[in-house]
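First, the structure itself, so that you have it in front of you.
Quick caveat, the model's predicted, so the values are computed rather than measured. We're numbering straight along the sequence, starting at 1.
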Amino acid sequence: MPRNPSTGVYSKPAGTTPSVGQVIDPAPWNALTTDLGNEITNSLPRDGSAPMIAPLKAAGGTVSAPGVGFASTPQTGLYLKGGGLLGFAQNGVEVAFDQDLVYAVKSGDYTALASDDNAVHRFTAAATLTLTAAATLGANWHYCVIADGGDVTIDPNGSETIDGAATLILKDGYSVEIICSGAAFFTNKLFARIQSKADSSAVGDFIVGLTLSNNGASPNTHIDFAAGSARTGSSFVSSATSLTKRVTGTFAAGTGAGGLDAGAVAANATYFAYALRKDADLSFDIVLSTSATIGGIATTLLTGYSIVKCIGVVLTDASSLIRQFVMYPRDEYTFVTPVKDAINVAISTTSALLALTVPNGVKVKAKLRFEFTSSAATNAALLSDPAQGTLSGGIGNDGGNMGTIQVANGLAIGSSDIWTNTSRQIRHVAGASGTIWLWNDGFYFPCGRNA
């Protein structure tokens with residue numbers, strides 16, 4: 001056939017270019033007319049009356065001059081991009097289309113590739129997702145991650161960032177859309193918005209759960225904290241499982257590790273328990289400090305943590321061991337063994353302060369029982385809150401909460417819940433001289449629990 005199948009160029013058969021006076025040989029001329037008929041038959045009718053019977057091969061073209069265009073708008077059509085990819089041009093401008101969405105399950109660490117553009121990957125275990133360099137992935141590359149079995153740490157290449165940070169930890173149960181700019185990575189901010197909503201300051205302060213108890217195996221050195229959550233202002237943290245801390249070591253992350261913010265455990269000391277939130281992944285932990293305020297906590301060991309709220313208190317005895325206790329609803333502590341805080345202590349008409357075994361640095365309501373004796377046949381003793389000032393005992397004065405039984409040197413008993421000052425003290429006074437004994441059953445230390 002005279003048409004070259006590679007170039008499409010038609011060449012006449014030899015002997016079909018006549019000269020004047022030449023006798024025409026019918027053979028080549030018959031071949032010519034046959035070839036012309038065949039080529040006309042194989043041409044595509046402009047009126048569309050017949051289809052192509054083989055692939056149509058168009059010019060590669062460019063975005064400004066597509067290989068397949070339109071007579072009225074030649075800059076709109078199809079062209080061949082680099083790498084054998086098909087491009088779409090509209091008025092000389094490329095029109096971008098997403099790749100097909102591809103879903104896949106990942107059970108471990110993975111590196112996201114350029115071929116994962118528009119993919120959705122569900123991670124069924126804790127994993128690290130490494131992102132290929134942003135320049136390699138290119139602008140507009142995007143990718144969805146679902147954490148469904150553990151936290152997923154999203155780690156951009158080298159010094160590149162995601163939402164301005166070196167890494168992003170996607171908590172289990174959440175998802176995020178990642179977008180590449182060609183130089184850095186960003187998210188659709190959904191996870192960040194959910195996190196900030198959880199930190200909304202409008203909710204208020206509270207503690208749910210997180211109750212304290214002596215550890216069953218090591219009650220003298222370890223404290224267990226039940227599952228629960230705590231919030232102060234805009235800071236919130238929660239734990240779905242219990243956690244144990246010990247007073248025989250300085251703070252380290254995790255259950256069973258040391259809990260002190262500094263130093264070594266001391267005798268007859270007060271250790272306040274504070275809920276912590278790790279900034280990187282919002283996980284829960286506990287630090288123990290002798291400071292009654294967050295501002296006084298030693299933070300050298302707490303880099304990367306936010307201190308959320310005081311959730312309880314632990315006392316040690318003269319041997320630096322944890323006093324065993326039972327914690328009840330509404331922040332009530334009861335000592336397993338009552339503490340005898342006064343033994344045959346003199347009481348008189350002069351008001352005096354008496355120190356108790358309760359937390360230091362804060363006001364608590366002590367749960368007290370007491371006995372009183374006096375050589376006076378009629379006498380009354382009054383134990384009271386120091387905030388009331390200096391009171392006077394006796395029926396003609398400020399009264400009492402126990403008194404003699406109308407017999408000289410007889411014994412009277414009483415009980416009362418009394419607020420202390422921040423130095424662990426209450427006041428005592430009597431209508432006449434006498435002696436008191438005092439048993440301390442525990443205290444109420446209000447942290448914010450309602451149940």
Side-chain angles (χ1 to χ4, degrees), residues 171-172 198 205-232 235-263 265-266 269-294 296-299 301-302 304-317 320-336 358-359 361-362 364 442-451:
K171 297 290 288 180
D172 184 23
D205 297 359
F206 61 78
I207 304 173
V208 176
L210 302 180
T211 53
L212 288 66
S213 61
N214 295 95
N215 179 262
S218 303
N220 296 325
T221 56
H222 290 57
I223 291 292
D224 293 338
F225 298 85
S229 60
R231 174 189 294 278
T232 294
S235 188
F236 173 81
V237 70
S238 66
S239 175
T241 59
S242 61
L243 182 137
T244 301
K245 285 294 181 183
R246 56 185 175 86
V247 297
T248 52
T250 52
F251 176 81
T255 190
L260 301 183
D261 62 340
V265 62
T270 301
Y271 291 99
F272 297 92
Y274 292 89
L276 301 177
R277 184 178 74 172
K278 191 173 182 179
D279 299 333
D281 60 9
L282 313 184
S283 60
F284 172 81
D285 218 312
I286 295 286
V287 67
L288 302 169
S289 175
T290 56
S291 173
T293 63
I294 289 178
I297 298 172
T299 58
L301 302 175
L302 303 181
Y305 287 89
S306 296
I307 304 169
V308 178
K309 185 176 178 63
C310 181
I311 62 170
V313 67
V314 176
L315 304 183
T316 59
D317 62 17
S320 301
L321 302 177
I322 297 172
R323 289 188 181 275
Q324 295 193 40
F325 64 92
V326 177
M327 187 175 182
Y328 291 106
R330 300 183 182 274
D331 299 305
E332 179 182 355
Y333 297 74
T334 295
F335 295 128
V336 172
V358 294
V362 293
V364 302
F443 53 88
Y444 298 86
F445 172 54
C447 280
R449 291 177 181 83
N450 293 321

When rounded to the nearest 0.5 angstrom, what distance separates CZ in Arg277 from CD1 in Ile307? 12.5 Å

Please find the pair of heavy atoms, one from Ser289 and one from Asp261, that lie closest to each other, and give the distance. OG-OD2, 2.9 Å

Given side chain to side chain contact (heavy atoms under 4.5 Å, CB included), test Thr270 with Leu315 step by step and report yes or no. CA-CA 5 Å; Thr270 301; Leu315 304 183; 3.6 Å; yes

Just say parallel, tilted or perpendicular for the rings of Phe443 and Tyr333, cut-offs at 30° and 60°.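 Rings of Phe443 and Tyr333: parallel, under 30°.
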
Ile311 side, atom CD1; Thr232 side, atom OG1 - distance, nearest 0.5 Å: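 Between atom CD1 of Ile311 and atom OG1 of Thr232 there are 10.5 Å.
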
Mind running side chain to side chain contact (heavy atoms under 4.5 Å, CB included) on Ser229 and Phe236 for me, showing each step along the way? CA-CA 7 Å; Ser229 60; Phe236 173 81; 3.8 Å; yes

Rounded distance [0.5 Å steps], CG in Asp285 versus CZ in Phe225: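 Spacing of CG (Asp285) from CZ (Phe225) equals 9.5 Å.
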
Just do the salt bridge (Lys or Arg N to Asp or Glu O under 4.0 Å) check on Arg449 and Asp331 with the steps written out, would you? CA-CA 6 Å; Arg449 291 177 181 83; Asp331 299 305; 2.6 Å; yes

Is the backbone of Leu260 close enough, under 3.5 Å, to the side chain of Lys245 for a donor and an acceptor to pair up by distance? no

Value rounded to 0.5 Å, distance of OG in Ser218 from CG in Leu321: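 Output value for this atom pair is 11.5 Å.
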
Taking all non-hydrogen atoms of both residues into account, name the closest pair between Ile286 and Ala275 and its distance.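 In terms of heavy atoms, the two residues are closest at CD1-CA, 4.0 Å.
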
Asp224 versus Gly216, closest heavy-atom pair with distance: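 Where Asp224 meets Gly216 most closely, the heavy atoms are OD2-N, 4.1 Å.
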
To the nearest 0.5 Å, what is the distance between SG (Cys310) and CD1 (Ile207)? 7.0 Å

Nearest heavy atoms of Cys447 and Gly312, plus distance in Å: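 For Cys447 and Gly312, the tightest heavy-atom pair comes out as SG-N, 3.6 Å.
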
Just by modelled atom types, is the Val308 backbone N or O under 3.5 Å from a matching donor or acceptor in the Ser235 side chain? no

Test log, rule side chain to side chain contact (heavy atoms under 4.5 Å, CB included), inputs Tyr271 and Val265: CA-CA 9 Å; Tyr271 291 99; Val265 62; 4.0 Å; yes

Provide the closest heavy-atom pair for Val314 versus Leu212 in the form atom of the first, atom of the second, distance. CG2-CD2, 4.0 Å

Looking at every non-hydrogen atom in both residues, tell me the closest pair between Tyr274 and Ser291 and how far apart they are. OH-O, 2.7 Å

Apply the test ring pair (Phe, Tyr, Trp, His ring centres under 6.0 Å) to residues Phe251 and Tyr305: give CA-CA distance (whole Å), side-chain angles for both, the deciding distance (0.1 Å), then the verdict. CA-CA 12 Å; Phe251 176 81; Tyr305 287 89; 5.5 Å; yes

Within the structure provided, determine whether Ile223 and Asn214 are in side-chain contact (heavy-atom separation under 4.5 Å).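 Ile223 reaches Asn214 side chain to side chain.
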
Just verifying a value: how many Å separate His222 NE2 and Thr255 OG1, rounded to the nearest 0.5 Å? 9.0 Å

